[in-house]
Student: 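This is the structure, below, for whatever I ask next.
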Amino acid sequence: MKQKHILILGAGTAGTIVANKLVTPAKKYDWKVTIVDQCDKHYYQPGFLMYPFGRYDEKDLVRDERDFLPQGVEYLHDGISRIDAEHQRVELMHGDAIEYDLLVIATGSRVNPKETPGMDDGEWGKSIMTFYEFEAAKALREILKNFNQGIFVVHISEMPIKCPVAPLEFSFLADDYFKKRGVREQITIKYVTPLDGAFTKPKASKSLGHLLTEKNIEIIPDFNVERIDSKAKKLISYDGKEVGYDLLITVPVTKGDDVIGRSNLGDELNFVPTDHHTLQSKAHKNIFVMGDATDVPASKAGSVAHFQADTLVDNIIRYLQGQELVANFDGHANCFIETGGQKGLVIDFNYEIEPLEGNFPFPVIGPLRLLREGRLNHVGKLIFRWMYWHIILRGWPIPGISNKMSMLGKKK
Amino acid sequence: MANLGGKEVEVNEGGYVMHPEDWDKAVAGDLAKELGINLTDAHWKVVDYLREQHGQGIEMSIRKLGKSGIVDIKTLYELFPGGPLKYAAKIAGLHRPTSCV
């Protein structure tokens with residue numbers, strides 16, 4: 001029998017985790033596994049949030065992608081020009097086309113400043129910036145050092161975005177940073193969102209709503225940007241509302257990779273329609289999708305990719321053995337949220353259940369408190385970077401945290 | 001509970017219908033009235049589309065709606081002033097767009 005070939009597209013968080021988890025089953029069932037990525041660097045993306053405020057060095061956040069890929073998985077450093085799902089092959093930018101028996105799409109998502117008129121003109125990288133890419137976060141670090149007065153706007157163009165809570169954390173950290181620099185009183189911080197508030201879940205809103213007033217951050221909700229007048233420095237919404245700024249920190253429209261669009265495999269935003277619980281592509285049975293590339297209504301976050309991996313690997317085995325798939329991915333995500341002043345909080349949630357108060361990961365003991373600010377939660381986020389490089393990318397489980405969300409220790 | 005479409009319907013604190021099976025056109029009409037909207041055919045095209053997409057497990061955004069061919073974004077704002085996606089979703093008996101917190 002011909003050896004089965006599993007092809008993984010993308011060696012970011014999701015692709016790397018699944019490559020590591022496939023090593024053992026690949027040996028057992030005699031599969032060949034190949035992973036393709038156009039970029040040879042692996043970034044610790046949660047670090048982009050703190051980097052602009054002078055935290056971390058470049059070496060803390062950037063590593064060689066190959067260092068995290070296992071032996072026994074072939075790595076191709078190449079771009080992907082098209083996925084030809086009908087003929088089960090992937091055309092590369094430089095190398096020969098590759099045929100597959102099973103494809104894992106883990107091509108992620110990225111920000112697209114060109115999607116909003118006026119965003120990507122002469123002011124991009126000057127008075128209009130983002131922290132969602134490393135080079136941008138680096139430039140922002142320099143700009144922030146000299147920002148001493150004026151209107152500082154943190155803005156979300158449109159949902160979904162990666163790590164939905166990051167812009168809010170960015171506002172909290174900015175408040176802290178400007179206070180430390182002694183310039184907070186000359187700076188107005190505004191948070192502009194297309195949603196109807198900074199917090200949209202009742203429990204989180206109740207526990208955390210006070211943070212915004214305490215930190216004197218003005219919320220402008222229900223704002224869907226149509227265009228930016230970069231000369232007059234203002235955001236303009238579809239219904240004609242305007243918000244002026246001196247420095248705009250925006251999260252541009254987030255889309256799946258262009259290759260998804262070129263291959264006709266995505267929705268309007270290049271996200272691949274995916275079964276919420278099995279992670280199989282809705283259009284092609286031998287394509288599975290993971291991480292930010294899917295259209296599932298879970299957060300676009302590394303923790304989600306980590307929790308998806310078991311279901312995905314299980315279903316790869318089942319699919320190639322001709323067995324029925326398991327439908328057990330529940331949308332589980334958990335996140336450390338920075339609230340400034342060396343404090344943080346932890347949230348744990350899934351498709352159905354909103355973030356609740358309680359102790360985490362162990363009932364009663366914690367040590368982390370859910371939905372409550374605390375110093376230990378902030379320390380947890382710092383420890384998390386070590387865990388990311390050493391445990392999570394290897395596809396190993398995190399002690400006390402299972403892939404399916406647990407209700408133990410949580411208050412309804 | 002709220003009296004919508006001539007019956008008692010369970011709604012959440014934002015006035016959104018809790019149980020999809022309670023929704024019907026009369027309920028939608030009353031939800032729209034609360035928002036100061038009189039439902040026309042143009043409104044119904046949007047509401048029906050949202051329900052159909054939701055039935056397929058697809059999350060909706062303003063941009064997706066704008067690119068759907070059902071309605072352009074300017075018209076969407078004229079139909080549902082102030083917060084087109086959340087108001088259209090509310091009238092369609094769906095949940096409001098949220099984030100993770």
Side-chain angles (χ1 to χ4, degrees), chain A residues 115-116 156-161 163-165 167-169 193-205 207-208 221-226 237-241 253 255 267-269 271 273-277 282 295-301 304 333-335 337 345 347 349 354-355 371, chain B residues 10-20 31 34-37 42 46 49-92 94-101:
Chain A
E115 289 283 340
T116 305
I156 299 170
S157 298
E158 176 180 297
M159 299 302 286
I161 60 170
C163 187
V165 79
L168 194 56
E169 293 176 90
T193 169
L195 295 168
D196 61 3
F199 297 104
T200 57
K201 298 284 168 82
K203 297 258 183 340
S205 177
S207 316
L208 305 173
D222 292 317
F223 191 99
N224 282 285
V225 67
E226 180 184 21
S237 74
Y238 286 103
D239 51 347
K241 290 184 286 190
V253 174
K255 293 169 71 176
D267 62 13
E268 297 81 349
L269 291 169
F271 293 118
T274 304
D275 185 279
H276 297 186
H277 303 289
K282 286 182 179 168
D295 75 336
V296 305
S299 289
K300 299 208 176 290
V304 173
N334 65 49
C335 311
I337 301 177
L345 56 100
I347 56 171
F349 57 100
E354 65 173 304
L371 259 188
Chain B
E10 198 179 339
V11 295
N12 71 9
E13 58 264 53
Y16 288 73
V17 173
M18 293 285 280
H19 310 294
L31 286 166
E34 285 178 8
L35 296 167
I37 295 169
V46 175
Y49 180 73
L50 285 184
R51 289 184 59 82
E52 180 219 310
Q53 294 288 298
H54 179 79
Q56 293 178 35
I58 295 170
E59 290 281 297
M60 200 35 67
S61 71
I62 294 263
R63 177 170 299 250
K64 272 190 190 174
L65 251 174
K67 286 188 176 179
S68 65
I70 298 292
V71 66
D72 64 64
I73 298 177
K74 285 276 179 203
T75 315
L76 190 63
Y77 267 93
E78 285 159 21
L79 293 172
F80 305 94
L85 198 56
K86 66 175 182 179
Y87 294 148
K90 186 175 192 178
I91 294 166
L94 309 173
H95 60 81
R96 94 185 197 283
T98 56
S99 181
C100 59
V101 288

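Reminder, nothing fancy here: chain letters follow the sequence lines and each chain counts from 1.
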Student: Under 4.5 Å from any heavy atom of chain B, what part of A/E158 do you find: side chain, backbone, both or neither?
Tutor: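 For A/E158, the side chain is the part near chain B, not the backbone.
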Student: Taking all heavy atoms of A/V304 and all of A/A333, pick out the closest pair and write down the distance.
Tutor: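 Scanning both residues, the minimum pair turns out to be CG2-CB, 3.5 Å.
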Student: Could you tell me whether the side chain of A/T200 reaches within less than 4.5 Å of the side chain of B/R96, counting heavy atoms only?
Tutor: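 Yes, close enough: below the 4.5 Å cut-off.
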Student: Side-chain contact test, heavy atoms from C-beta onward, threshold under 4.5 Å: evaluate it for B/I58 versus B/K64 and give yes or no.
Tutor: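 Yes, close enough: below the 4.5 Å cut-off.
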Student: If I compare all heavy atoms of A/I161 with all of A/P167, which pair ends up nearest, and what's the gap?
Tutor: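 For A/I161 and A/P167, the tightest heavy-atom pair comes out as CD1-CG, 3.7 Å.
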Student: For chain A, find which of B/E78, B/K67, B/K74 contributes the most heavy-atom pairs closer than 4.5 angstrom.
Tutor: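 The candidate making the most pairs under 4.5 Å is B/K74.
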Student: Is B/K86 in contact with chain A via its backbone, its side chain, both, or neither, using a 4.5 Å heavy-atom distance?
Tutor: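 The side chain, not the backbone.
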Student: Can you name the nearest heavy-atom pair linking A/L269 to B/R63, along with the distance?
Tutor: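 Nearest heavy atoms, A/L269 then B/R63: CD2-CD, 3.5 Å.
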Student: Does any part of the side chain of A/L371, heavy atoms only, come nearer than 4.5 Å to the side chain of A/I347, both counted from C-beta?
Tutor: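 Side chain of A/I347 against side chain of A/L371, heavy atoms only: contact under 4.5 Å found.
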Student: Heavy-atom distance under 4.5 Å between the side chains of B/E10 and B/H19, does that happen here?
Tutor: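 Yes, their side chains come closer than 4.5 Å.
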Student: Look at A/D295, A/N224, A/D275, A/D267 and state which one has the largest set of heavy-atom pairs under 4.5 Å with chain B.
Tutor: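 Going by pairs under 4.5 Å, I would pick A/N224.
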Student: Return the option, out of A/E226, A/K203, A/K241, with the maximum number of heavy-atom pairs under 4.5 Å with chain B.
Tutor: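 Among the listed options, the one with the most contacts to chain B is A/E226.
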Student: Between B/T98 and chain A, with a heavy-atom cut-off of 4.5 Å, which part of the residue counts as in contact: side chain, backbone, both or neither?
Tutor: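 Contact with chain A involves both backbone and side-chain atoms of B/T98.
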Student: Please classify the contact of A/I337 with chain B as side chain, backbone, both or neither, using a heavy-atom distance under 4.5 Å.
Tutor: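 Answer is side chain: those atoms of A/I337 sit under 4.5 Å from chain B.
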Student: Identify which part of A/V296 has an atom lying under 4.5 Å from any heavy atom of chain B, answering side chain, backbone, both or neither.
Tutor: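 Neither; nothing under 4.5 Å.
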Student: Given the options B/P81, B/P84, B/G82, B/S68, which has more heavy-atom pairs under 4.5 Å with chain A than any of the others?
Tutor: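 Of B/P81, B/P84, B/G82, B/S68, B/G82 has the most heavy-atom pairs under 4.5 Å with chain A.
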Student: Identify which part of B/Q56 has an atom lying under 4.5 Å from any heavy atom of chain A, answering side chain, backbone, both or neither.
Tutor: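 Just its backbone gets close to chain A.
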Student: Under a 4.5 Å heavy-atom cutoff, which of A/Y238, A/F223, A/F199, A/F271 has the most pairs with chain B?
Tutor: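 Max contact count across the listed options: A/Y238.
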Student: What I'd like to find out is whether the side chain of B/F80 reaches to under 4.5 Å of the side chain of B/L35, using heavy atoms alone.
Tutor: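 No, side chains not in contact.
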